[in-house]
Amino acid sequence: AVVIEGVASEPVTISIRNDEVTLLPAAGLWGKGNFAAVAQLRQEYPGQALITIGPAGEKGLKAAGVFVTTPDYFLRAAARGGLGTVLGTKKVKAIVIDSDGPGVSVAEPEQFKAVTRELTATIVNHPLSAGLKAFGTPLLIGLMNQMGGLATRNFSRGTFAGAEKIGGEAFAKVLGERKNAHAAHGCMRGCVVQCSQVYTNPEGEVITSGLEFETVGLAGSNCEIDDLDAIARFDQVCDDVGLDTIDVACAIGVAMEAGRIPWGDSEKLVSVVESIRTDDPLGLLIGNGCAETGKALGVARTPVVKGQALSAYDPRILKGTGVTYATATMGADHTCGNAIPNPSIPDYDAGSPQGQHEMSGFLQSWFAAIDSLGLCLFASLPLLDNPPDSFQKLADLVGAKLGEKLTPDYIMGMGRGVCLQERKFNELAGFGPADDRLPSFFRQELLLKGGSVFDVSDEDLDRVYGD
């Protein structure tokens, strides 16, 4: 871990090589977008890992993220929660990391390798992995649209007429036809899922890598835009300016609701983010995220929890995910407990108000453990088909690393402990049970298809972390 204390007087790059840390002037990088900053740093520090912020973080915008290079120098975002502004206020433009040290020590390497092979086989041979490699996460667009739970027109509807134009099959078709495009791409060495991709324009020039369900759903159906290329350009600009596509796309949907941007305007989708560079007032408002945009424009339908914008899964259809949105310590974060129907759990009804606190509580503990172990979320999903076996294998893996004998309950116990620690932090920061709620319109407004509302009781929401 790296802890950065205090504030620099001038922009700096932090260089970390093994145990040596150096602060270097970064005035020449300040003001540059992430792509230009990475291009310059790549020349100065060949072969090293790069972490940067864009103009959004420098300007202190609440939706600013931190961007990390892949081994082939595409960008990946630690986007949520305004992390880019944390670095920006400290005047940290970039962090450069290099190490030729011995690496991580493993107490029992042979056992570690054996368990790793077993887990890898389970992941690679799972049908989900094949689907993600072929279609990426946009494969979920069609599923959610069919279920009536795809965020559409600022969460006022659950289906989008243009869903086929932005869904997984259309996505795969574009990637299959265009020069220099790749349907499968790993964001790090050793990736066995490769659910990312490289998206190019018709001339074969790279637009972005990778384009995910959340961005496609929120910049697409939620803004009534069915142009994949426009959504890819939006993703590219957000990466360069340094913004969370979830928060910004939700903010644009709210601005469309307020009449400040026309519905379906794909050019404005991109240009309003670009305008942040020149301090345009609407652009800066959008860059401050959905909660700030809704408040400033007086929009009642503002899809946030604890200031965090929702992903493109409508909680009136995926009610377990709605419980996660409401009760998760990070706010509306689907990645810590997305309760999508699973053929391996045929009795689970995602649309029932009953028992969702149990499903969400289980998933929140599971994904807290997965995050803590440094495992990929998508690599962990196939393991949920057989939890008892997965609990044991993951415990064996950690045990081999530490040289200890661990029982299967170690994994979920660790995850639950992490959630409770985060919960304690939130309580000290002033959050209470009243903050573990979805916006009221989800309980009051029917989706046009199916007529569903979010009707999980407040008592069940409180039971996720209650005694």
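Quick note: residue numbers are just sequence positions, from 1.
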Can [X] and [Y] be counted as having a side-chain donor-acceptor contact under 3.5 angstrom?
X	Y	value
Arg76	Ser196	yes
Tyr465	Gln364	yes
Asp462	His357	no
Gln194	Ser129	no
Asp240	Gln236	no
Asn154	Ser156	no
Asn338	Thr321	yes
Thr329	Asn426	no

> Above 12 or not: heavy atoms from other molecules or residues under 6.0 Å from CD of Glu427?
Replying inline: yes
>> Can you confirm whether more than 12 heavy atoms, excluding those of Phe425, are under 6.0 Å from its CZ atom?
In response: no
Hey, are [X] and [Y] close enough for a salt bridge, meaning a charged N less than 4.0 Å from a carboxylate O?
X	Y	value
Asp396	Lys393	no
Asp227	Lys165	no
Arg233	Asp229	no
Glu224	Arg157	yes

For [X], enumerate each residue passing the side chain to side chain contact (heavy atoms under 4.5 Å, CB included) test, keeping only those at least two apart in sequence or located in another chain.
X	result
Asp458	Arg437, Arg443, Leu461
Ala172	Phe135
Ala78	Val66, Leu83

>> I'd like to know whether His334 forms a side-chain contact (heavy atoms from CB on, under 4.5 Å) with Ile246, so could you lay out the CA-CA distance, the side-chain angles of the two residues, the decisive distance to 0.1 Å, and finally the verdict.
In response: CA-CA 11 Å; His334 67 290; Ile246 293 178; 4.1 Å; yes
> Within a strict 4.5 Å, meaning less than it, do heavy atoms of the Pro341 and Leu318 side chains meet?
Replying inline: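 Yes - at least one pair of side-chain heavy atoms lies under 4.5 Å apart.
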> So do the side chains of Phe74 and Thr69 get within less than 4.5 Å of each other, counting heavy atoms only?
Replying inline: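 No, too far: nothing below the 4.5 Å cut-off.
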What side-chain donor-acceptor pairs closer than 3.5 Å can you find for residues 346-353, not counting sequence neighbours?
unit_1	atom_1	unit_2	atom_2	d
Tyr348	OH	Gln356	OE1	2.6
Asp349	OD1	Gly351	N	3.0
Ser352	OG	Gln354	N	3.1

>> Any side-chain to backbone donor/acceptor pair from Asn34 onto Asp239? Under 3.5 Å, distance only.
In response: yes
> Residues in ring-ring contact (aromatic ring centres under 6.0 Å, His included) with Phe362, at least two apart?
Replying inline: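 Result, ring-ring contact (aromatic ring centres under 6.0 Å, His included) vs Phe362: none returned.
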> Do you know the tightest heavy-atom contact between Gln392 and Pro408?
Replying inline: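 That would be OE1-CG, 2.9 Å.
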>> Quick test of your reading: applying salt bridge (charged side-chain N to carboxylate O under 4.0 Å, His left out), list the pairs with at least one residue in residues 301-313, sequence neighbours left out, ordered by first then second residue.
In response: Glu257-Arg301, Arg301-Glu445, Lys306-Asp436
